[in-house]
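Below: one structure, written as structure tokens.
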Amino acid sequence: MNRKMMHGLFKTLMLVGLISFVGCSEKEVEKPVGDSRTPDLILNKDSILMDAKGGVDTLIVENYNEWAVTGGFTLEPNDTEQERVMVAVMFVLHNQKLVTIRQRGI
């Protein structure tokens with residue numbers, strides 16, 4: 001792995017560490033149609049908009065206290081005029097949700 005890839009991986013792990021969550025709630029959660037094994041994954045939002053300099057945002061998982069994330073590989077400031085788009089996949093057991101992360105350009 002080259003230095004740039006290691007830097008990107010480190011920043012991805014930092015993103016995962018910065019996303020906070022809330023444990024299971026007491027309310028009943030309906031099971032999704034077609035998958036009776038686990039309730040749907042409930043998030044407080046399915047998209048995040050960041051400005052060009054980057055930053056931190058919070059994504060709350062409302063009905064699970066154990067989950068995982070894949071994707072979302074860019075945290076550096078965006079010094080271009082183009083918006084960047086990333087997708088993080090939040091998953092637990094048999095269910096997943098896609099979270100779109102957009103970062104504005106300068």
Counting distance only, does the side-chain N/O of Asn63 pair as donor-acceptor with the main-chain N or O of Ile42 below 3.5 Å? yes
Which residues satisfy the side-chain hydrogen bond (donor to acceptor under 3.5 Å, both in side chains) test with Arg104, sequence neighbours excluded? none
Under 4.5 Å between any side-chain heavy atoms of [X] and [Y], yes or no?
X      : Y      : result
Asp51  : Gln103 : no
Ile101 : Met50  : yes
Leu43  : Val61  : yes

Output the distance between atom CG (Asp40) and atom CG (Asn95), rounded to the nearest 0.5 Å. 5.5 Å
Across all chains, not counting sequence neighbours, the side chain to side chain contact (heavy atoms under 4.5 Å, CB included) partners of Asn44 are Leu59, Ile60, Glu62
Residue list, side chain to side chain contact (heavy atoms under 4.5 Å, CB included) with Thr80, at least two apart or on another chain: Asn78, Gln82
For Val85 versus Thr100, what's the shortest heavy-atom pair and its separation? CG1-CG2, 3.9 Å
For Pro77 and Lys53, which heavy atoms make the closest approach, and how far apart are they? CG-O, 3.9 Å
In this structure, would Leu49 and Val99 fall into the same cluster of hydrophobic residues linked by side-chain contacts under 4.5 Å? no
Run the numbers on Leu41 and Phe91 for side-chain contact (heavy atoms from CB on, under 4.5 Å), then give the verdict. CA-CA 7 Å; Leu41 180 60; Phe91 62 93; 5.6 Å; no
